[in-house]
2 protein chains.
Amino acid sequence: MRRGDRLQIDQAADSPAMRHWIVVSGMAASCKALPDGRRQILDLEMPGDLLARPAGTPDGTDSWVEILCDSIVCEIDLSADRDKLYLDPQLTKRLLDDAWSRLDAKLVHVVALGRLDSMERICLFLLEMAQRSGTDKGGATRVSLCLSRDDIADYLGLNAETVSRLLGRIKKAGLAIFLSPTEYAVPDMKALAKRVPIGARFSRSGGLASPPRVATASKEVAI
Amino acid sequence: MRRGDRLQIDQAADSPAMRHWIVVSGMAASCKALPDGRRQILDLEMPGDLLARPAGTPDGTDSWVEILCDSIVCEIDLSADRDKLYLDPQLTKRLLDDAWSRLDAKLVHVVALGRLDSMERICLFLLEMAQRSGTDKGGATRVSLCLSRDDIADYLGLNAETVSRLLGRIKKAGLAIFLSPTEYAVPDMKALAKRVPIGARFSRSGGLASPPRVATASKEVAI
DNA sequence: CGTTTACTTGAAGCCGCTCAAACTCAGTGG
DNA sequence: CCACTGAGTTTGAGCGGCTTCAAGTAAACG
């Protein structure tokens with residue numbers, strides 16, 4: 001699937017989630033929009049993530065999953081096995097673990113939107129992207145950003161202009177180096193992590209732990 | 001348990017959730033605090049709610065559950081049945097349904113904190129309280145508020161003074177009638193719901209649906 | 001009655017938003 | 001090769017909503 005494609009699912013309110021998706025490669029965003037057009041990105045879906053209920057339950061908002069860059073998404077229809085769903089311990093364990101780690105991620109998101117200022121939010125975002133989809137390139141972590149400034153804004157509860165200004169300050173501070181508007185490298189993950197007062201744990205399946213927030217000798221400067 | 005009491009649980013990161021709690025009566029709040037003292041209330045726990053993982057996974061923040069008014073909370077320790085946990089279809093179904101409806105509620109919370117303004121947030125909150133813990137008293141819905149202004153602020157990502165001012169405006173507009181600072185009545189749930197651009201579905205176990213957002217003849221006025 | 005705690009109200013300030021203009025760059029066609 | 005286009009981004013100026021700080025009020029309790 002390509003950028004802009006959507007998975008839009010209107011499951012009946014009372015039907016249990018029977019169609020599931022797994023992101024194999026690429027990246028997608030779970031979105032909600034209010035009647036007046038305001039949009040909130042709820043989650044970034046990356047390889048390995050299980051989309052168990054893309055639409056959630058109806059709450060009067062538009063909900064959909066939006067492909068951010070060329071992706072492979074695998075559909076699993078469990079309707080036939082509906083009755084046996086809860087009889088398979090391995091499957092239920094996977095679903096439960098997935099739901100719980102999603103819940104943990106959402107709690108971090110709530111704290112970010114409720115209590116972090118814009119600079120803290122953007123640092124958390126850059127850190128999250130680096131931890132979840134970054135590749136190590138000679139010490140620095142290289143990240144390819146599939147999101148536009150608008151997308152980032154809608155994920156962080158900000159607007160595109162503010163995001164652009166913040167990224168400018170981060171670039172000036174040397175916390176991240178921008179190779180292009182959609183490609184950056186983090187030379188020092190710990191320095192970035194020090195800007196974020198919440199230590200997020202980002203892998204969906206319990207692999208990566210957050211880097212220890214070690215106190216370094218370098219001095220803090222306002223950015 | 002009484003107001004101010006806490007359930008503070010430091011479960012090992014890798015141990016599955018073995019101790020659970022059920023709120024039988026009263027009300028509690030799941031909280032997180034940042035190192036500098038900023039606090040975010042993540043969830044309001046009401047009778048019937050299952051606290052499957054009060055502490056979540058460690059992320060560098062303090063996490064706890066705080067009792068808001070005299071409550072009865074029932075502890076269930078499943079450690080002994082640990083290995084059999086995923087073999088009981090009924091139990092896993094309950095856990096899964098609970099996790100999913102919690103997730104849905106958190107998505108609404110994220111939209112609220114990310115994209116609603118302060119007046120919309122407080123209306124959503126009053127509506128949520130009315131739907132989840134209100135009692136019908138001759139047409140109006142009577143709600144007893146266990147939260148202080150500070151608590152409400154920490155739930156909505158605002159501050160106590162702002163909450164106080166907003167409640168003043170709501171009172172003046174007649175959307176809610178305050179019998180005391182912690183007791184109010186909603187004379188017209190539909191009128192209140194019209195102030196909120198997202199139709200939340202608040203019961204944890206799939207009972208109550210959101211009230212239909214019927215267009216009425218009454219004119220909208222700025223409040 | 002005084003003390004404490006929570007709530008309310010006011011004035012001033014700042015952060016992030018809105019609106020608008022300039023810039024970058026890939027794509028297109030002459 | 002250059003000019004043109006259009007979407008995305010950057011930058012600036014000004015505004016407004018929410019916060020901060022501070023003072024004042026109300027209710028609870030010894």
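Values in this document were obtained by computation on a predicted structure and should not be read as measured data. Lettering of chains follows the sequences in order, A, B, ..., and the numbering in each one begins at 1.
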Every protein N/O within reach of nucleotides 7-16 of chain C N/O, cut-off under 3.5 Å:
unit_1: C:dC7; atom_1: OP2; unit_2: B:Arg149; atom_2: N; d: 3.2
unit_1: C:dT8; atom_1: OP1; unit_2: B:Arg149; atom_2: NH2; d: 3.4
unit_1: C:dT8; atom_1: OP2; unit_2: B:Arg149; atom_2: NE; d: 2.8
unit_1: C:dT8; atom_1: OP2; unit_2: B:Ser164; atom_2: OG; d: 2.8
unit_1: C:dT8; atom_1: O5'; unit_2: B:Ser164; atom_2: OG; d: 3.1
unit_1: C:dG10; atom_1: N7; unit_2: B:Arg165; atom_2: NH1; d: 2.9
unit_1: C:dG10; atom_1: O6; unit_2: B:Arg165; atom_2: NH2; d: 3.4
unit_1: C:dG16; atom_1: OP1; unit_2: A:Ser118; atom_2: N; d: 2.8
unit_1: C:dG16; atom_1: OP1; unit_2: A:Ser118; atom_2: OG; d: 3.1
unit_1: C:dG16; atom_1: OP2; unit_2: A:Ser118; atom_2: OG; d: 2.8

With a cut-off of 3.5 Å and sequence neighbours excluded, list every side-chain donor-acceptor pair involving residues 133-145 of chain A.
unit_1: A:Ser133; atom_1: OG; unit_2: A:Met129; atom_2: O; d: 3.2

With sequence neighbours left out, the residues meeting side-chain contact (heavy atoms from CB on, under 4.5 Å) with B:Asp117 are B:Met119, B:Glu120

So ring-ring contact (aromatic ring centres under 6.0 Å, His included) across residues 23-50 of chain A, not counting sequence neighbours, yields none

With sequence neighbours left out, the residues meeting side-chain contact (heavy atoms from CB on, under 4.5 Å) with A:Ala191 are A:Leu175, A:Asp188

Residues passing the salt bridge (charged side-chain N to carboxylate O under 4.0 Å, His left out) test with A:Asp77, sequence neighbours excluded, are none

Taken in chain and number order and not counting sequence neighbours, the residues that satisfy side-chain contact (heavy atoms from CB on, under 4.5 Å) with A:Ile177 are A:Pro187

Residues pairing under salt bridge (Lys or Arg N to Asp or Glu O under 4.0 Å) where one sits in residues 143-164 of chain A, two or more places apart or in two chains, turn out to be A:Arg3-A:Asp151, A:Arg39-A:Asp151, A:Arg39-A:Asp154, A:Asp154-B:Arg115

Note: chain A reaches DNA chain D at heavy-atom distances under 4.0 Å over the stretch, first to last nt, 5' to 3', of D:dT9 to D:dA13

